[in-house]
Amino acid sequence: MSRGSGITIGIDIGGTKVLGIAIDANGEIVGQHRVPSEVATGGVEAAITTVFERLLNEVGVADAVGVGIAGLVDFEGRMRFGPNLADVLELSVRDQMEAATGLPVTVDNDANAAGYGELLFGALEGCRHALMVTLGTGIGGAIIVNGEVFRGANGFAAEIGHFTVRADGPLCACGERGHWEAIACGNALGRMGADAVADGDGAAIAAVAAGAPVTGHHVADAARLGDREALAIIDEFADNVALGLAGLANIFDPEAIAIAGGLVEMGDLLLEPVRAAFARHLEGLAHRPHIRIMPAALGERAGAMGAAAQARRVIRQPS
Ligand SMILES: [Zn+2]
């Protein structure tokens, strides 16, 4: 295959979709392909290969491939642990992809890749120290230190949903009690809404849910209609979100925090109370520069774009 095009391919592998994006040397998107989740049920490896081949057909040539995958990924590109991707556990994604494509391959955690994408092309552009926090079904994120994704000793850093903020809090999906994710992810907002309904306090939320199990979307919809109970739940939930953000900001002293994930669709309905609560929890607020909290800019493309950018580092020069 001819090299030197400067085009790299990034592939973002989540629990339900595989999205591939090709970027050129300027970071412009030159190709995009998504494999629907039903294809992914044929096996994650097959889905990755399908996305790669279709993208390569589209763009003609590529110099390297970057992969972002949901789970603990070590520096050898091996997927060590991922609760949503059982068939790739302990799989050497990098070696398999290099064998399948004949190209150099980088592999990182999907949230790290997304954080790198936001750093280069999105909301965190120009930052040297920043956080990206994904508020979705769970909480993920990336820590940017000195313009680089911070990966720790083994590549596993930035599992930011899993630190304890409330020792007697609810059980986390990981099995520990009181983790930030357990009180500040989308499922937590849904649970708070369901609890209110069960207590007889959530008439408007119950009306929006119309008999379906209460989710965070229902709480948000009721709040948009001006329901006081839903707004109070969102205030309490925003405080839970801010508790973790302020803890991380106290530790990492970021310039900015980009919020990604499904909950960011709530916009200022969520972000305004989060900013207010963040200010209450941050150490030394009056004596430090303002820390911006804003929505991420790239949406679901962040991971694939960041992975494609990470792949630039392993481009082999033509001999
Ligand atoms: Zn946990």
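Numbers here are sequence positions counted from 1.
- Sparse packing is recorded around CD of E283, with 12 or fewer heavy atoms of other residues, nucleotides or ligands lying under 6.0 Å away.
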Apply salt bridge (Lys or Arg N to Asp or Glu O under 4.0 Å) to R166 and E176, showing your working.
CA-CA 11 Å; R166 190 168 290 161; E176 275 295 306; over 6 Å; no

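- Of all heavy-atom pairs between A184 and F237, the closest is O-CZ, 3.2 Å.
- No donor-acceptor distance shorter than 3.5 angstrom exists from the side chain of D199 to the backbone of D201, with no hydrogens or angles considered.
- A distance-only check finds a donor-acceptor pair linking the side chain of E255 to the backbone of R128 [under 3.5 Å].
- The residues R78 and D95 are annotated as not salt-bridged, no charged nitrogen and carboxylate oxygen being separated by less than 4.0 angstrom.
- Annotation for I21 and L55: closest pair N-CD1, 3.5 Å, computed over non-hydrogen atoms.
- If you check the side chains of N250 and H281, you find no donor sitting under 3.5 Å from an acceptor.
- Under the 3.5 Å distance criterion, the side-chain polar atoms of E98 are matched with a main-chain donor or acceptor of V105.
- When all heavy atoms of L131 and L124 are compared, the closest pair comes out as O-CD1, 3.8 Å.
- Using the six-membered ring where Trp is involved, H162 and H179 have ring planes that are perpendicular, over 60° apart on the 30 and 60° scheme.
- E118 places a side-chain N or O within donor-acceptor distance of the main-chain N or O of A123, the cut-off being under 3.5 Å.
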Verdict with reasoning, D63 to R312, per salt bridge (Lys or Arg N to Asp or Glu O under 4.0 Å)
CA-CA 8 Å; D63 286 345; R312 291 169 170 175; over 6 Å; no

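- Listed for the D24 side chain is a donor-acceptor partner under 3.5 Å among the backbone atoms of E28.
- Take E58 and apply the side-chain hydrogen bond (donor to acceptor under 3.5 Å, both in side chains) test, not counting sequence neighbours, and it matches no residue.
- The two atoms that bring P104 and R316 nearest to each other are CD-NH1, 3.5 Å, heavy atoms only.
- With sequence neighbours excluded, no residue forms a side-chain hydrogen bond (donor to acceptor under 3.5 Å, both in side chains) with E229.
- A distance-only check finds no donor-acceptor pair linking the side chain of D110 to the backbone of D12 [under 3.5 Å].
- Remark: the backbone N or O of A242 is not paired with any side-chain donor or acceptor of R280 at under 3.5 angstrom.
- Around the NE2 atom of H217, the shell of radius 6.0 Å holds no more than 12 heavy atoms that belong to other residues, nucleotides or ligands.
- Under the rule for a side chain to side chain contact (heavy atoms under 4.5 Å, CB included), the partners of E53 that lie at least two apart in sequence or sit in another chain are T49.
- By the rule that hydrophobic residues join a cluster once side-chain heavy atoms approach within less than 4.5 Å of another member, I29 and I315 end up as members of separate clusters.
- Checked by atom type and distance alone, the side chain of R191 never pairs as donor or acceptor with a backbone atom of G186 at under 3.5 Å.
- Within a 6.0 Å sphere centred on CZ of R224, heavy atoms belonging to other residues, nucleotides or ligands number more than 12.
- In the hydrophobic clustering of ILVMFWY residues, with side-chain heavy atoms under 4.5 Å counting as a link, L19 and V65 come out apart.
- When all heavy atoms of A311 and I9 are compared, the closest pair comes out as CB-O, 4.5 Å.
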